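Here is the structure we will look at.
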There are 2 protein chains.
Amino acid sequence: MTTLEKNTPLEENSRRMELVRAAAKLFRDQGYERTTVRDLGNAVGLQSGSLFYHFRTKEEILVAVMALGISSTTEQLERAIAKAGSTREKLSALFHVHLNSLLGDNQAALEVMLYEWRSISEAAKPGLILLRDRYEALWQAVLDEAAAAGLVKPDTRLLRRTLLGSLHWSVQWYRKDGELSVDKLADRMLDLVLIEQSK
Amino acid sequence: MTTLEKNTPLEENSRRMELVRAAAKLFRDQGYERTTVRDLGNAVGLQSGSLFYHFRTKEEILVAVMALGISSTTEQLERAIAKAGSTREKLSALFHVHLNSLLGDNQAALEVMLYEWRSISEAAKPGLILLRDRYEALWQAVLDEAAAAGLVKPDTRLLRRTLLGSLHWSVQWYRKDGELSVDKLADRMLDLVLIEQSK
DNA sequence: GTCTATAGCATGATAGAC
DNA sequence: GTCTATCATGCTATAGAC
């Protein structure tokens, strides 16, 4: 692998991937700026200088973390929607996939995407915005379908934004060791947005 | 003012306050870690060394920014609730005060509170948590009253958390130069949470 | 592919003059 | 109360050996 090929999109089980996963946890816990390349090296058993064989800059690691977080969540959501039988099930999938990704064991990456945006250079933003838009388009389509079916209120663009805000914020208060499971939380959040059916 | 008195809670029109307001904007735009004491000095026409006459550390400035943001919003909400005539008006005040504070001209401070929490040392957290709890208690009381009146769904603790998440997230997408005013946005967000009355 | 060593620079904070 | 000067440290990234 030459220096010019460092932007290779994805490789499982590689050193690069191992590094990205470790970086996701460190960036989430300490923040990107407070995490040094020495911290990153320690986390995977490398000297700080050796990192720069795998990534050109520290920011390139941050971008890789974010891209991983958003694109893996998008893929999960696409699969869940494809498998859903009804509009109601698709709506439910939005909540379950998002929360399991955000609050699940292996998904510090998505959290980093939400809270370290300011550290992304202008040059790197367009690519990440594309990934984010693809994810939000999935949401929009399902919400539009649900509104047409009378399940949720018709102001779906604002609804999408408020719901995503609600879900994102859960990382600030949800505790895994509490009594509320992630899936139960998803169901209760869904209940809050469903229009009550008058008979 | 001696060194020992640097924790004086509040002073209007002081150099300290001027610095806190400038710091709020810088911390919001660049992040706390990326903002240097030299940046802070420049913003108020001081050399970096001179800052440390007013604050012992850079973190002390961050804490002051957050305390200002949350406590001034709390005071505004207290006044608005006291003035409200009905439960419905109190509910409306939650949205209008929060969004005007968060998205208004002079309130970068509240945004910093939301996004720089990780940079706060353990020693400084309890005081800020106290301020936050006071604010959220106001919300909880109004939501409980609104649920009792049938205006919103009864799961008010989760409702409080999802609503605050929705409102916080608005800083990520709301544009002041757009067609939607802050107060109109508050009304539409309120509409999304109100239970539709069956006749 | 990883190491050691370090260049080159920015950082938060302090000391003492005024 | 602000300035100048600077200390001590930490940072990202590079160079070259292995």
Side-chain angles (χ1 to χ4, degrees), chain A residues 1-8 11-23 26-27 29-65 112 116 118-124, chain B residues 1-8 11-24 26-27 29-66 112 116 118-124:
Chain A
M1 186 188 301
T2 77
T3 299
L4 288 177
E5 287 164 351
K6 280 186 182 172
N7 274 323
T8 318
E11 341 67 39
E12 198 57 55
N13 286 355
S14 66
R15 203 80 209 237
R16 267 175 70 96
M17 183 59 91
E18 183 191 1
L19 223 164
V20 167
R21 293 201 192 282
L26 285 169
F27 291 165
D29 295 339
Q30 313 179 343
Y32 171 72
E33 296 289 345
R34 292 174 93 93
T35 302
T36 69
V37 292
R38 290 169 182 80
D39 293 334
L40 293 171
N42 280 342
V44 293
L46 286 181
Q47 293 300 313
S48 65
S50 309
L51 294 179
F52 295 92
Y53 172 81
H54 301 282
F55 291 89
R56 259 187 296 262
T57 64
K58 185 185 163 192
E59 196 212 355
E60 206 174 77
I61 303 179
L62 177 60
V63 172
V65 167
V112 172
E116 297 294 348
R118 264 178 323 205
S119 294
I120 295 289
S121 69
E122 291 306 315
Chain B
M1 186 191 297
T2 77
T3 300
L4 288 176
E5 286 164 349
K6 280 185 184 172
N7 274 323
T8 319
E11 342 66 40
E12 199 58 55
N13 286 354
S14 65
R15 202 82 209 236
R16 268 175 70 96
M17 184 60 90
E18 182 191 1
L19 224 164
V20 167
R21 294 200 191 283
L26 285 169
F27 291 164
D29 295 340
Q30 313 180 346
Y32 171 72
E33 296 289 346
R34 291 174 95 91
T35 303
T36 70
V37 293
R38 287 164 182 82
D39 293 335
L40 293 171
N42 280 341
V44 293
L46 285 182
Q47 294 299 313
S48 65
S50 307
L51 294 179
F52 295 91
Y53 172 81
H54 300 283
F55 291 90
R56 258 186 297 259
T57 64
K58 185 185 164 191
E59 196 212 357
E60 206 173 75
I61 303 179
L62 177 61
V63 172
V65 167
M66 292 190 179
V112 172
E116 297 293 347
R118 264 180 323 206
S119 294
I120 294 289
S121 68
E122 292 305 315

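Predicted model, so just to flag it, every value in this text is computed and none were measured. Quick note on labels: first sequence line is chain A, next is B, and so on, each numbered from 1.
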According to salt bridge (charged side-chain N to carboxylate O under 4.0 Å, His left out), who are the partners of B:E18, at least two apart in sequence or on a separate chain?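 Counting only residues at least two positions away or on another chain, B:E18 forms a salt bridge (charged side-chain N to carboxylate O under 4.0 Å, His left out) with B:R15.
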
Taking the side chain as everything from C-beta on, heavy atoms only, tell me whether A:F55 gets closer than 4.5 Å to A:V20.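 Yes, at least one pair of side-chain atoms sits under 4.5 Å.
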
Closer than 4.0 Å, any side-chain N/O of A:Y53 to the OP1 or OP2 of C:dG1? yes

Run the side chain to side chain donor-acceptor pair (under 3.5 Å) test against B:S14 and tell me which residues pass, sequence neighbours left out.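 Per chain and number, B:S14 pairs via side chain to side chain donor-acceptor pair (under 3.5 Å) with B:E11.
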
Roughly how many Å is it from [atom1] in [X] to [atom2] in [N], rounded to a whole number?
X	N	atom1	atom2	answer
A:L19	C:dT2	CG	C1'	13 Å
A:N42	D:dT12	CG	P	12 Å
B:E18	D:dG1	CD	C1'	13 Å

Which side-chain hydrogen bond (donor to acceptor under 3.5 Å, both in side chains) pairs, counting each pair once, include a residue from residues 36-47 of chain B, with sequence neighbours left out? B:T36-B:D39

Walk along nucleotides 3-16 of chain C from 5' to 3' and tag each nucleotide B, S or - by protein heavy-atom contact under 4.0 Å, base first, then sugar-phosphate. BB------BBBB--

Among all residues two or more places apart in sequence or in another chain, which pass the side chain to side chain contact (heavy atoms under 4.5 Å, CB included) test with A:E33?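 Listed in chain order: A:S119, B:E33, B:R34.
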
Among residues at least two apart in sequence or on other chains, which ones pass side chain to side chain contact (heavy atoms under 4.5 Å, CB included) with B:A24? B:V65, B:A108, B:A109

